[in-house]
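Data block below; observations after.
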Amino acid sequence: MEEKFWLESWNQRKIGFHQRSVNAQLQRFWPELGLAAGDAVLVPLCGKSGDMRWIRSQGHPVLGVELSPLAVEAFFSESGVVPERRRQGGFEAYETGGIRLLCGNVFDLTAEDVVGVKAVYDRAALVALPPAMRESYAAHLADVLPSGTRMLLLTFDYPQAQMEGPPFSVPASEVERLYGRRGDVRLLASESRTDEGLAARGVKELREDAFIVSL
């Protein structure tokens, strides 16, 4: 994942990966995270996802990380609020109403940035990264997140030859390889589904997997 690719995607409004509705798997498996009231949730590569508003509505502070300032600004604009802005380490931080978005590279996250985080919601981060970057991403999260953090991870599994990512195919075996030696990986569901956008790009078969990863 080159920074230039994602910045140009937002600049040119090529954001087919953006979901307008709240993710059904997020709502279905949310109780599996076992969060207490007020526990903070990290959303890496968050874009302008409305899932963050849903998580906040459950009573949890949200910490999002997003490379594109256009995405960050669109999130707050579409939420009808004006955030406060300040520098936070290597990021420009936008914050209001219990949602703080850090504009910058997720690999610049530090342990100090994620103090208080108890869970991670990863719908669009791991599947956005090519194979060469996934190991570094998983290692970085494991290094900076507080011990005991739980992650709801959603991935796609399809024959990679049918389409160039992103989103990339990340089968269960790779999730186990990336996170199994760093914690516990539990497959919650593996279900066939259709996706018109991906079908138009050549994906004939698709499974969506949901995991709980305990780090």
Problem set entry | Gln160 and Phe168, any side-chain heavy atoms less than 4.5 Å apart | yes

Exercise. Quick one: are Leu126 and Leu153 in side-chain contact, heavy atoms under 4.5 Å?
Worked result: yes

For this session: Kindly indicate whether the side chain of Ser136, heavy atoms from C-beta on, has any atom under 4.5 Å from the side chain of Met133.
Result: no

For this session: In plain terms, say whether Glu191 and Arg207 are close enough for a salt bridge, that is, a side-chain N and a carboxylate O under 4.0 Å apart.
Result: no

Problem set entry | Side-chain donor or acceptor of Arg56 paired with backbone N/O of Gly97 under 3.5 Å | yes

Exercise. Judged by atom type as modelled, is there a donor-acceptor pair below 3.5 Å linking the side chain of Arg201 to the main-chain atoms of Glu164?
Worked result: yes

Exercise. Hey, are the side chains of Tyr121 and Leu42 touching, using non-hydrogen atoms and a 4.5 Å cut-off?
Worked result: no

Exercise. Does a donor on one side chain and an acceptor on the other come within less than 3.5 Å for Tyr137 and Asp122?
Worked result: yes

Exercise. Leu206 versus Thr194: any side-chain heavy-atom pair under 4.5 Å?
Worked result: no

Exercise. Does Trp54 have its ring centroid less than 6.0 Å away from the ring centroid of His60?
Worked result: no

For this session: Flag the pair Pro146 / Lys118 as yes when at least one side-chain heavy-atom distance between them is below 4.5 Å, and no otherwise.
Result: no

Exercise. Do Val41 and Trp30 pass the side chain to side chain contact (heavy atoms under 4.5 Å, CB included) test, and can you show the C-alpha distance, the side-chain angles, and the key distance before you say yes or no?
Worked result: CA-CA 11 Å; Val41 179; Trp30 182 253; 3.9 Å; yes

Exercise. To the nearest 0.5 Å, what is the distance between CD (Glu205) and OH (Tyr158)?
Worked result: 12.5 Å

Problem set entry | Arg182 and Glu135 ion-paired at < 4.0 Å | yes

Problem set entry | Nearest heavy-atom neighbours spanning Ile99 and Met52 | CD1-O, 4.1 Å

For this session: Find the distance between OG (Ser68) and CD (Glu73) and round it off to the nearest 0.5 Å.
Result: 8.0 Å

For this session: Working to the nearest 0.5 Å, report the span between OH of Tyr179 and CD1 of Ile212.
Result: 12.5 Å

Exercise. Does the Ser79 side chain pair with the main chain of Val81, one donor and one acceptor, at a distance under 3.5 Å?
Worked result: no

Exercise. Going by atom types alone, do Gln88 and Arg100 pair a side-chain donor with an acceptor below 3.5 Å?
Worked result: yes

Exercise. Does Arg193 pair with Asp195 as a salt bridge, N-O distance under 4.0 Å?
Worked result: yes

For this session: Answer whether the closest heavy-atom distance between the side chains of Val117 and Leu63 falls below 4.5 Å.
Result: yes

Problem set entry | Close side-chain approach of Phe211 and Met151, heavy atoms under 4.5 Å | no

For this session: Without swapping roles, check the side chain of Asp209 against the backbone of Thr155 for a donor-acceptor pair under 3.5 Å.
Result: no

Exercise. Is Glu95 paired with Arg85 through a side-chain N to carboxylate O contact shorter than 4.0 Å?
Worked result: no

For this session: Might you point out which heavy atoms bring Val72 and Cys103 nearest each other, and give the distance in Å?
Result: CG2-CB, 4.2 Å

Problem set entry | Lys/Arg N to Asp/Glu carboxylate O, Arg28 vs Glu208, below 4.0 Å | no

For this session: May I ask you to decide if Glu32's main-chain N or O and Arg150's side chain share a donor-acceptor pair within less than 3.5 Å?
Result: yes

Exercise. Out of curiosity, Gln27 CD to Ile55 CD1, how far, rounded to the nearest 0.5 Å?
Worked result: 10.5 Å

